[in-house]
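Source: prediction; values computed, not measured.
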Amino acid sequence: MYTIPTPPSTSRFAYTALLALAAAFVAPLALAQTWPGKSVTLVVGTPAGGSVDAYARALADQLARQTGGTFIVENKAGANGNLSADHVLAAAPDGHTLWISTQAMFTINPSVYPNLRWKQSDFKPIAKGIESPLVLVTHPSVPARTLPELVKWAAANPKKAAYASFSPGTPSHFLGFQLNERMKLDMVHIPYKGSAPQIADLLGGQVLLGFTQLQAALPQVQSGKLNAIAVTSKERTKFLPEVPTLAELGHPDLSSTVWFGLAAPSAAPKVVLDQIAAATVKAQASPEFKARLEAQGFDVPQEQGEAFAATIAAETARWAQVVKATGFRANE
């Protein structure tokens, strides 16, 4: 049996230091080969109970099944998701703290926050998880069932016509701005802090129209409590097949979807990033994951890696132009 010879006493200190250095190098390398090597935290930049949270918890459950690991969802709301990004980057970049991002956080925040503490390059896009159009809805008191009728009513009722967004600096805000500008209207923007309060005031008639998330509006539209004028996807959604798209109505450049997806710190080892990507793609392709989220009104795309990164780049450029046109800057 071979044993490591004991070094001379004069070099024992250097020998001990060398062993410690080797252990420090080998330990992370061994951990990288067995991701997850400890519990994984999925950090969500919105409060618990919302649409983003629903995706995060579905993904956490499926990743736990796929890998046998422990996955925890942690909500770090604030600054339209920027606090959650900062929190992820403050953790060790070992693949055990990941970011659940939204389209607005990843592609719009860099244009609206002048002193952002993180950059897109700090994150590696892993996979788009779910996607959905917005829907332009009105309160039933608005005597309009089509976009031309809505535009005519808004022009004739400037004191009543205001559009609600579920948050400033999101597609809900900017699509309302673009519609306002294009139709030469004088609608005031009423921002909310989430889809729930936006929908509540739309239902109550405190604000009479707005672009909102399909999942939040769907039961209200189906029950007749809100009227759907148009959806923002390029093609009609299977969840409201009778509602036309803005593209059909002559405004293809207003087509837009919102999405939620998974990103990891770019500083994580490549072998870890590869394992995260493989596990996520497998999890999101599972019938259970798709059925759970489609039941809530979401589409479940299969977009990951370079294709997902290309989507992010294209959307970042698009929204940067819109933000510039509005002159909007978010409060810190």
Side-chain angles (χ1 to χ4, degrees), residues 36 38-67 69-91 95-106 108-109 113 118 123 126-132 134 164-173 191-203 212-220 257-265 276 280 283-284 286 288-300 330-331:
K38 56 183 180 179
S39 63
V40 179
T41 301
L42 305 182
V43 181
V44 179
T46 60
S51 297
V52 187
D53 209 46
Y55 162 63
R57 294 183 187 282
L59 180 60
D61 289 348
Q62 199 59 44
L63 283 171
R65 293 182 189 180
Q66 300 284 2
T67 67
T70 300
F71 290 78
I72 302 166
V73 174
E74 183 177 355
N75 297 87
K76 286 284 183 182
N80 199 24
N82 291 326
L83 293 184
S84 63
D86 293 340
H87 182 72
V88 171
L89 294 177
H96 292 84
T97 306
L98 306 176
W99 190 29
I100 300 290
S101 179
T102 70
Q103 181 243 19
M105 293 175 194
F106 217 128
I108 298 179
N109 282 7
Y113 284 87
W118 61 273
F123 291 97
I126 300 297
K128 181 190 290 184
I130 56 179
E131 190 166 24
S132 178
L134 297 180
S165 75
F166 52 71
S167 182
T170 64
S172 176
H173 169 195
Y192 287 83
K193 294 183 178 180
S195 293
Q198 180 202 27
I199 288 290
D201 273 13
L202 283 165
L203 289 170
T212 191
Q213 292 195 37
L214 175 64
Q215 297 70 35
L218 189 58
Q220 316 304 336
T257 59
V258 294
W259 50 257
F260 313 144
L262 183 69
I276 294 170
T280 303
Q284 294 188 169
S286 69
E288 297 87 355
F289 178 85
K290 294 180 69 175
R292 177 172 174 175
L293 290 168
E294 286 178 349
Q296 299 180 55
F298 293 109
D299 291 315
V300 183
N331 295 325

Checklist entry - Where the side chain of Tyr113 meets the backbone of Ala79, is there a donor-acceptor pair that is under 3.5 Å apart? => result yes
Checklist entry - Do the side chain of Asp299 and the main chain of Ser132 share a donor and acceptor less than 3.5 angstrom apart? => result no
Checklist outcome for this item: Distance col, row Phe71:CZ vs Leu98:CG, nearest 0.5 angstrom, shows 8.0 Å
Checklist entry - What's the verdict on side-chain hydrogen bond (donor to acceptor under 3.5 Å, both in side chains) for Thr41 and Glu74, showing C-alpha distance, side-chain angles and the deciding distance? => result CA-CA 7 Å; Thr41 301; Glu74 183 177 355; 4.7 Å; no
Checklist entry - For Asn80, does its backbone N or O pair with a side-chain atom of Asn109 as donor and acceptor, under 3.5 Å? => result yes
Checklist outcome for this item: Separation between CD1 (Ile130) and CD (Gln284), nearest 0.5 Å, reads 9.0 Å
Item to check | side-chain contact (heavy atoms from CB on, under 4.5 Å) assessment of Val52 paired with Asn75 | outcome: CA-CA 10 Å; Val52 187; Asn75 297 87; over 6 Å; no
Checklist entry - After noting the C-alpha distance and the side-chain angles of Trp259 and Phe106, does the key distance pass the side-chain contact (heavy atoms from CB on, under 4.5 Å) rule? => result CA-CA 10 Å; Trp259 50 257; Phe106 217 128; 4.0 Å; yes
Checklist entry - For Gln215 and Ser51, does a side-chain donor sit closer than 3.5 Å to a side-chain acceptor? => result no
Checklist entry - Can Gln198 and Thr212 be said to form a side-chain hydrogen bond (donor to acceptor under 3.5 Å, both in side chains), step by step? => result CA-CA 8 Å; Gln198 180 202 27; Thr212 191; 2.6 Å; yes
Checklist entry - Ignoring hydrogens and geometry, is there a side-chain-to-backbone donor-acceptor pair from Ser172 to Phe166 under 3.5 Å? => result yes
Checklist entry - Rounded to the nearest 0.5 Å, what separation is found between the CG atom of Asp61 and the CZ atom of Phe289? => result 10.0 Å
Checklist outcome for this item: Rounded to the nearest 0.5 angstrom, the CZ-CZ distance for Phe298 and Arg292 is 11.5 Å
Item to check | Trace of the side-chain contact (heavy atoms from CB on, under 4.5 Å) decision for Ser286 with Gln66 | outcome: CA-CA 10 Å; Ser286 69; Gln66 300 284 2; 4.2 Å; yes
Item to check | Gap between atom CD of Glu294 and atom CD of Gln296 - 0.5 Å precision | outcome: 11.0 Å
Item to check | Side chain to side chain, Val73 and Ile100, heavy atoms closer than 4.5 Å | outcome: no
Checklist entry - Going by distance alone, is a donor N or O of one side chain under 3.5 Å from an acceptor N or O of the other, for Trp118 and Asp86? => result no
Checklist outcome for this item: Between the NZ atom in Lys128 and the OG1 atom in Thr257, the distance rounded to the nearest 0.5 Å is 5.5 Å
